[in-house]
Amino acid sequence: MLDIRLIREKPDFVRERLATRGGGDDAKIAEVLRVDAERRKIETQLQRLQADRNRLSKEIGAKRSRSEPSEDLEAQVRKIGDEIVDLTQRASTFDEEQRHLLLEIANLPHESVPVGKDPSANRVARSWGEKPQLSEPADHVALGAKLKLFDLERAAKLSGSDFICFTGAGAKLERALINFMIDLHTREHGYTEISPPFLVRRDCMVGTTQLPKFEADMYGLEENQLFLAPTAEVQLTNLHREEILGLSDLPKKFVAYTPCFRREAGAAGRETRGIIRVHQFDKVELVKITAPAKSYEELESLAADAERVLQLLGLHYRVVELCTGDLGFGSAKTYDIEVWSPGQNAFLEVSSCSNFEDFQARRMHLRFKDRDGKNRFCHTLNGSGLALPRLFAALIESYQQPDGSIRVPEKLQPYFGASEIR
RNA sequence: GGUGAGGUGGCUGAGUGGUUGAAAGCAGCGCUUUGCUAAAGCGCCGUAGCCCAAAAGGCUACCGAGGGUUCGAAUCCCUCCCUCACCGCCA
């Protein structure tokens, strides 16, 4: 959520920055400014009446204590009371309308983000390693079937299409990857491990911007208003919602392993082969809550922490700096980390590391007490570290051997308990 | 699920209809004293918003949330949420 004061004071600046995302927000800005002006007008009227009421009510109290008549004043205040009821109603209508509009206006891209309208303007920031030399690489679907690592048909029997059921060595490999990543981030990168609930309240989903805009992509449980979290970003970032943290508590760094649930409405048929786009997948997520001055350096180290996973596993990847038009709704700056998939002959996104600045914090009232004693909004960041099915696919494809077996990367062997899968 | 107790500022905790936005203590900030530390003394210290070009200043709202009673509600009534305790049920 943007600060209404910023929009009020620098509307042209806001419009210009939003336009770099691809435009279409001018009408919303005009509308929110109109509502804001109206809201303040009514609020001022309302406050004058309340001040009158307070003053007269005190007089009534004083008169009564002196046993003087006060009926005329009481009648007057009663009348003011009626007007207040009416104005309060109108004021809250405008309040709601303003919040509604603000919740649907995207964040401003950071000035360092390359300007462009689609992924063709994204910038490859760096790449690591090399494509493995494989004469005729099998893709993960073929490898998985052959070695019985997962069973998509039977997963469909349980839950419908686009679900995974890992089996045997596949299930164990997934679990090994989870443990490997969590240990890395807790032991070497200083994150605190969290095992959060998977169901979250609506407010949390609003806080991290999944709602209200993307409700169609979320799984919800109608009767008790809970949602299945689409990413642990929701739980981890909302952990301290509505709190005021001490400056010395920052940065907060959390890592969690959770399943993630996504309807992927409208995504059917696109990039959905095998296990790379499914309704439920496991993910190790990294979240940081930082002071504003530090958030961009924390973004760099967050990406580095996620990249470290791929480096230790010896997987080729590249880091892409998203352009303004490709940026997510709430993000000010994002690096996508893409691992090489020999089977797809393409890079697959396994992590998206973003700095939301105070966009999420403002929605969830997440603040810290600054050195000068003022409460300010924190900055929030998150990135996968990493998403499992795609990592799994890239790993088995990259480490496949001519004889059809899969070599297990050395760093993973203590977790997996064997050096190969055959 | 049942019964009981409770939700007040960063924290602890007073406060049952009108100068209480809220006592007191702790924490925090500033100053004094001090070789340093510690201790002591004095002062300041909630949040959000509105008016004002701005500052100064003024005003409004907020005591879990939402309604209600009243001229006036932290205080009385209703509903809901949450926390704690005990009982029941349960992986």
Side-chain angles (χ1 to χ4, degrees), chain A residues 1-11 32-103 195-207 221-227 235 238-250 252 259 289 291 358 361-378:
Chain A
M1 191 158 75
L2 296 178
D3 188 351
I4 183 61
R5 273 172 295 195
L6 177 69
I7 301 176
R8 193 189 300 151
E9 283 157 25
K10 298 178 177 175
V32 83
L33 284 171
R34 187 187 67 77
V35 170
D36 176 54
E38 200 65 33
R39 193 200 97 237
R40 285 187 296 155
K41 205 174 97 193
I42 289 171
E43 202 165 308
T44 303
Q45 286 175 24
L46 176 62
Q47 292 182 354
R48 287 217 180 95
L49 289 174
Q50 287 168 324
D52 288 346
R53 178 174 67 180
N54 290 346
R55 186 169 43 77
L56 294 176
S57 288
K58 269 185 190 165
E59 267 181 56
I60 291 168
K63 284 202 175 204
R64 285 204 179 173
S65 66
R66 282 181 265 124
S67 310
E68 292 174 19
S70 57
E71 287 79 10
D72 50 333
L73 282 181
E74 285 173 34
Q76 212 177 325
V77 176
R78 220 186 316 260
K79 201 166 136 242
I80 292 175
D82 291 342
E83 288 178 62
I84 287 176
V85 167
D86 180 49
L87 273 181
T88 304
Q89 185 126 37
R90 289 176 61 198
S92 70
T93 304
F94 278 104
D95 264 354
E96 251 172 67
E97 202 174 331
Q98 176 170 319
R99 183 166 166 85
H100 228 75
L101 287 162
L102 285 174
L103 285 176
S195 180
F198 303 153
L199 294 171
V200 294
R201 324 164 76 112
R202 178 172 215 103
D203 285 348
C204 293
M205 296 284 276
V206 171
L221 278 65
E222 292 286 318
E223 66 273 24
N224 36 16
Q225 279 288 297
L226 289 171
F227 291 83
Q235 296 97 311
N238 279 287
L239 262 185
H240 291 287
R241 77 189 335 268
E242 288 161 46
E243 289 183 33
I244 299 171
L245 302 171
L247 190 53
S248 60
D249 297 330
L250 303 179
K252 292 261 185 201
I289 299 170
D358 64 9
R362 182 170 280 111
R363 288 173 165 233
M364 60 176 78
H365 298 288
L366 168 58
R367 294 172 294 173
F368 72 101
K369 196 165 280 292
D370 212 342
R371 221 177 297 282
D372 58 5
K374 287 259 187 280
N375 297 332
R376 300 186 205 282
F377 290 110
C378 301

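Protein chains get the first letters and strands the later ones, always in sequence-line order, with residue 1 at the start of each.
- For Gln47(A) against rG49(B), a side-chain-to-base donor-acceptor contact under 3.5 Å is present.
- Taken together, the paired segments of RNA chain B that extend over three or more consecutive Watson-Crick or G-U pairs, each closer than 3.5 Å at both contacts, are B:1-7 with B:81-87, B:10-12 with B:24-26, B:28-32 with B:40-44, B:46-51 with B:57-62, B:64-68 with B:76-80.
- When each of Gly61(A) and Gln50(A) is assigned the nucleotide of RNA chain B with its nearest heavy atom, Gly61(A) is the one assigned upstream, toward the 5' end.
- Across the protein-nucleic acid pair, Arg376(A) atom CZ and rG46(B) atom C1' stand 16 Å apart, rounded to whole Å.
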- [ ] Walk me through it: do Arg5(A) and Asp3(A) pass the test salt bridge (Lys or Arg N to Asp or Glu O under 4.0 Å)?
- [x] CA-CA 5 Å; Arg5(A) 273 172 295 195; Asp3(A) 188 351; 3.7 Å; yes
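- The shortest distance between side-chain heavy atoms of Pro11(A) and Leu33(A) falls below 4.5 Å.
- In this structure, Arg48(A) does not reach the rA61(B) phosphate: none of its side-chain N or O atoms is under 4.0 Å from OP1 or OP2.
- Using a 4.0 Å cut-off between a side-chain N of Lys or Arg and a carboxylate O of Asp or Glu, Lys79(A) and Asp82(A) do not qualify as a salt bridge.
- Remark: Arg40(A) is in phosphate contact with rC51(B), judged by side-chain N or O atoms under 4.0 Å from OP1 or OP2.
- Between the C1' atoms of rU60(B) and rA53(B), the separation comes to 22 Å (whole Å).
- As rounded to the nearest Å, rA39(B) and rA56(B) have P atoms that lie 35 Å from one another.
- Counting heavy atoms from C-beta outward, Glu43(A) and Arg48(A) have side chains that stay 4.5 Å or more apart.
- Put simply, the side chain of Gln98(A) does not reach to within 4.5 Å of the side chain of Asp95(A), judged on heavy atoms.
- Taking atom CD on Glu243(A) and atom P on rG9(B), their separation rounds to 14 Å, with Å as the unit.
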Close N or O pairs between protein and nucleotides 67-70 of chain B (under 3.5 Å):
none

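- Set against rC51(B), rG49(B), rC71(B), the side chain of Ile60(A) has rC71(B) as its closest nucleotide.
- Between Arg40(A) and Asp36(A) a salt bridge is recorded (basic side-chain N to carboxylate O distance below 4.0 Å).
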Task: Test salt bridge (Lys or Arg N to Asp or Glu O under 4.0 Å) applied to Glu96(A) and Arg39(A), step by step - done: CA-CA 10 Å; Glu96(A) 251 172 67; Arg39(A) 193 200 97 237; over 6 Å; no
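- With a 4.5 Å cut-off on side-chain heavy atoms, Leu46(A) and Lys41(A) do not count as touching.
- Nucleotides rG7(B) and rC63(B) are separated by 10 Å at their C1' atoms, to the nearest Å.
- Looking at heavy-atom distances under 4.0 Å, Arg55(A) makes no contact with the nucleic acid at all.
- In this structure, Gln89(A) places its CD atom 15 Å from P of rG66(B), rounding to the nearest Å.
- Going from atom CD1 of Ile80(A) over to atom P of rU60(B) covers 13 Å, rounded to whole Å.
- Atom-to-atom, NZ of Lys58(A) to P of rG72(B) comes out at 15 Å; the value is rounded to the nearest Å.
- When the P atom is compared between rC89(B) and rU83(B), the two are found 23 Å apart, to the nearest whole Å.
- Annotation: rC80(B) and rG1(B) have their P atoms spaced 12 Å apart (nearest Å).
- Put simply, CG on Asp95(A) is 18 Å from P on rU60(B), counting in whole angstrom units.
- Here, rG64(B) and rG13(B) have their P atoms 14 Å apart, quoted to the whole Å.
- Between Asn54(A) and the phosphate of rC59(B), there is no side-chain N or O to OP1/OP2 separation shorter than 4.0 Å.
- Comparing the same atom, C1', in rU75(B) and in rU20(B) gives a spacing of 11 Å after rounding to whole Å.
- For the pair Arg5(A) CZ and rA54(B) P, the interatomic distance rounds to 13 Å; values are reported in whole Å.
- Of the candidates rU47(B), rU60(B), rG49(B), rU47(B) carries the atom nearest the Arg367(A) side chain, counting heavy atoms from C-beta on.
- For the pair Asp52(A) CG and rG58(B) P, the computed distance is 18 Å after rounding to whole Å.
- For Gln89(A), the CD atom is loosely surrounded, since the number of other residues' heavy atoms within 6.0 Å does not exceed 12.
- Remark: the separation of the P atoms in rC29(B) and rU37(B) is 14 Å, to the nearest Å.
- Between Leu73(A) and Lys63(A) there is a side-chain heavy-atom pair separated by less than 4.5 Å.
- The shortest distance between side-chain heavy atoms of Arg53(A) and Val77(A) falls below 4.5 Å.
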